Amino acid sequence: GSAVGVDPMITSYRYAGMLTKTLHAAHLSLISLECNLVDLVWVDRPPPPTGMIQVHSEEIAGQSCTEKLVSIRHSLETEGAQALVVSALDEVAWLFNIRGSDIDYNPVVIAYALVTMNEVRLYVDLNKVDDSVRAHLSGVEIRAYDRIVQDVKELGKMDLKVAVDRSKCSLVLYNALPPECVVETLSIVAQAKAIKNPTEIRGLHNAHIRDGIALVRFLSWMEECFNEGPGSNRIMTECTVADALQRLRAEQDGFVGLSFATISASGANGAIIHYKPERKTCARVTQEALYLVDSGAQYRDGTTDVTRTMHFGIPTDHERECFTRVLQGHIHVCRCVFPGGTAGRALDALTRLPLWSIGLDYQHGTGHGVGAFLNVHEGPQGISGRKGADFPLRAGMTMTIEPGYYEDGKFGIRIENTYIVREVETPHRFGGNAFLGFECLTMAPIQTKMMKLEIMTDEEIEWVNTYHATVLQTLSPFLSGAVLEYLKRETSPLRRQCQQH
């Protein structure tokens, strides 16, 4: 029968299993190719990245590689394993306190790692390792990148039980182990990395303050551009304003780069959830349409991800109602208190209730973890109604909250902040269990003219006012002039208008 070939080096064992099941239903089989057929015909393929590995200092990481290995080995014992294969690039970077520039927007190095109870190995292009990195990794055996398959096979010959995450381990590495040696588990490193230590949390707070400074300057600049009037020759496009935001972030201390390609979307383009503007085809940003900007940055001490939706003219009543209901959903989740061990999936409906009440919804997850100067999307935690958001939330995890609403061909709305999961003091501790809540990292105003106060509760208005007071208090020492005046105006307290009787 016919067969479908895959490169086993870049196909996860879990995905291969899903493919096999699907192909079997069509009377097809899946085979692993000895060489990638695309590579054979890709004559102008760019060379592999050659950027040097950088040391991520313990002063920023908050924990040494040695300390992390002690914790990882303890978890291995708990799982009944004696060795661990680490395939995910952000997990390798976190484990060894190293960073790199091999993948756009993600400060990681193309590498593998093997951890046993008495050895640890890093598999990487040796040309990327200088003396400072070798000194930093004393006690770590550094081997050539292409040795990994051979060494995993050796683990099998030693009859070691090897912990493997089937969703991250490549097909070739998984199959290099005898079945009796495999201990399937959710990535031990990912679970440890998800819980930020106090130093990482402090760094994330500081990174978000600097990011907020850049974002407020950007929004103030946009308003100023529109206030220039019809005589202005300035043309603002989705790309030029995204460029301006990047320049303002680049002025901040510790800026390394963006954490993903900026989603700068005007009008109907905002309804495309993962829209990416192109210079030849991008739309103009005008006062007649909603503007959505989902953006983030990599700083030496933290990663940011924030979305704001703005209207620089006169929004419609429908746009304001949709915006307000998205905001209400955001507030519902970020204010909630829940038992420790609650899965993100249990919180997802809270964000949707205000939209559901008028027959609206959105078709994406509500939140994801964020790295500490690592990948902007980080698991295993998440908030979503879909399968996969079942991992329990724990104190120290990061989480975005980003409900939205999108009308095809018209507009898109999303309001996103990044939070830290924190333990909350409660009058009771049912079952002796700690209760958790969210502490906000993002410092940026939410446009108040888009809010319909008549459908908001007093508690929701109070949340907005408290959040904006914190934003003003946090950012105002770093701003002056027109930008500071803009921030004061955009964070001024909401007040209901007295009703006439």
Side-chain angles (χ1 to χ4, degrees), residues 205-236 240-253 255 262 264 266 285-297 299 304 306-315 319-320 323-324 327 330-331 413 415-418 440-453 456 460-497:
H205 271 292
N206 291 334
H208 279 82
I209 290 171
R210 298 196 301 277
D211 204 60
I213 293 167
L215 192 54
V216 170
R217 287 175 174 166
F218 168 72
L219 295 173
S220 173
W221 168 79
M222 287 195 70
E223 184 176 271
E224 181 183 325
C225 291
F226 284 120
N227 288 341
E228 289 176 352
S232 172
N233 294 322
R234 190 192 303 269
I235 296 177
M236 299 171 67
T240 59
V241 295
D243 292 342
L245 177 54
Q246 182 172 351
R247 286 194 297 270
L248 289 166
R249 280 191 164 114
E251 294 174 1
Q252 298 300 312
D253 290 342
F255 176 82
T262 299
S264 174
S266 178
V285 180
T286 71
Q287 289 179 287
E288 286 72 47
L290 281 168
Y291 173 67
L292 183 155
V293 56
D294 185 345
S295 64
Y299 299 93
T304 68
V306 52
T307 307
R308 290 294 182 264
T309 306
M310 312 288 292
H311 202 300
F312 295 96
I314 302 175
E319 289 170 337
R320 290 182 66 227
F323 182 99
T324 303
L327 174 63
H330 185 113
I331 295 170
I413 295 166
I415 301 170
E416 175 187 18
N417 285 350
T418 301
C440 193
L441 293 171
T442 303
M443 291 289 118
I446 303 169
Q447 194 174 44
T448 53
K449 82 172 185 182
M450 289 295 298
M451 302 175 194
K452 292 190 69 174
L453 302 192
M456 294 175 69
E460 290 163 352
I461 291 173
E462 180 185 6
W463 182 91
V464 172
N465 288 341
T466 300
Y467 174 67
H468 277 164
T470 301
V471 171
L472 178 62
Q473 181 181 16
T474 303
L475 299 186
S476 58
F478 307 99
L479 302 172
S480 60
V483 178
L484 179 57
E485 292 307 309
Y486 168 86
L487 179 62
K488 289 179 179 179
R489 186 172 65 253
E490 290 299 308
T491 57
S492 59
L494 296 172
R495 292 186 176 88
R496 296 187 190 276
Q497 293 184 351

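We count residues from 1, following the sequence as given. Here the structure is a predicted model, which means the values were calculated and not measured.
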Rounded to the nearest 0.5 Å, how far does CG of Leu292 lie from CZ of Arg308?
11.0 Å

Inter-residue atom distance His330.NE2 - Asn417.CG, 0.5 Å rounding:
4.0 Å

If you round to the nearest 0.5 Å, how far is CZ of Arg210 from CG of Leu475?
12.5 Å

Considering only heavy atoms from C-beta outward, does the side chain of Ile413 approach that of Leu290 to under 4.5 Å?
yes

Full working for side-chain contact (heavy atoms from CB on, under 4.5 Å) between Glu319 and His311:
CA-CA 10 Å; Glu319 289 170 337; His311 202 300; 3.7 Å; yes

Run the side chain to side chain donor-acceptor pair (under 3.5 Å) test against His205 and tell me which residues pass, sequence neighbours left out.
Glu439

Just by distance, do the side chain of Tyr467 and the backbone of Ala444 share a donor-acceptor pair under 3.5 Å?
yes

Should Leu494 and His468 count as side-chain neighbours, where that means a heavy-atom distance under 4.5 Å?
no

Any Asp253 side-chain heavy atom under 4.5 Å of Tyr299 side chain
no

Straight-line distance of Glu224 CD to Phe312 CZ, nearest 0.5 Å:
12.0 Å

Find out whether Arg496 and Ile461 are in side-chain contact, i.e. whether some heavy atom of one side chain is under 4.5 Å from a heavy atom of the other.
yes

Taken in chain and number order and not counting sequence neighbours, the residues that satisfy side-chain contact (heavy atoms from CB on, under 4.5 Å) with Thr474 are Ile209, Met443, Thr470

Ignoring hydrogens and angles, write down the donor-acceptor pairs under 3.5 Å from the side chains of residues 212-220, residues two or more places apart or on other chains.
none

For Phe255 and Ala297, which heavy atoms make the closest approach, and how far apart are they?
CE1-CB, 3.9 Å

Under 6.0 Å from the CD atom of Gln473, do we count more than 12 heavy atoms belonging to anything else shown?
no

Any donor-acceptor pair under 3.5 Å from Ser295 side chain to Thr262 backbone
no

Identify the two heavy atoms, one from Ser264 and one from Val241, that lie closest to each other, and give their separation to 0.1 Å.
OG-CG2, 3.5 Å

Please enumerate all residues that pass side chain to side chain donor-acceptor pair (under 3.5 Å) together with Glu251, with sequence neighbours excluded.
none

Starting at CD1 of Ile331, measure out to CE of Met456 and round the result to the nearest 0.5 Å.
5.0 Å

Main-chain N/O of Pro493 paired with Asn465 side-chain donor or acceptor, under 3.5 Å:
no

Within residues 441-450 or reaching into it, pairs that qualify as side-chain hydrogen bond (donor to acceptor under 3.5 Å, both in side chains) - sequence neighbours excluded:
none

Looking at CG of Leu441 and OG1 of Thr418, how far apart are the two atoms once the value is rounded to the nearest 0.5 Å?
6.5 Å

Residues pairing under salt bridge (Lys or Arg N to Asp or Glu O under 4.0 Å) where one sits in residues 473-487, two or more places apart or in two chains, turn out to be Glu485-Lys488

Passes side-chain contact (heavy atoms from CB on, under 4.5 Å), Ile415 versus Phe323? Steps please.
CA-CA 8 Å; Ile415 301 170; Phe323 182 99; 3.8 Å; yes

For Arg249, all residues meeting salt bridge (Lys or Arg N to Asp or Glu O under 4.0 Å), sequence neighbours excluded:
Asp211

In sequence, state the C-alpha distance, the side-chain angles, and the governing distance for Thr286 and Tyr291, and then conclude on side chain to side chain donor-acceptor pair (under 3.5 Å).
CA-CA 8 Å; Thr286 71; Tyr291 173 67; over 6 Å; no

Holding to side chain to side chain donor-acceptor pair (under 3.5 Å), I want the full list of residues that pass it with Arg247, two or more places apart in sequence or in another chain.
none

Can you name the nearest heavy-atom pair linking Val285 to Ser266, along with the distance?
CA-OG, 3.8 Å

Sorted by chain and number, sequence neighbours left out, salt bridge (Lys or Arg N to Asp or Glu O under 4.0 Å) with Glu462 holds for none

Contacts of type salt bridge (Lys or Arg N to Asp or Glu O under 4.0 Å), residue Arg320, not counting sequence neighbours:
none

Give the intermediate values and the outcome of side-chain contact (heavy atoms from CB on, under 4.5 Å) for residues Leu327 and Met451.
CA-CA 8 Å; Leu327 174 63; Met451 302 175 194; 3.7 Å; yes

Partners passing ring-ring contact (aromatic ring centres under 6.0 Å, His included) against Tyr486 (at least two apart in sequence or in another chain):
none

Side chain to side chain donor-acceptor pair (under 3.5 Å) partners for Thr466, two or more places apart
none

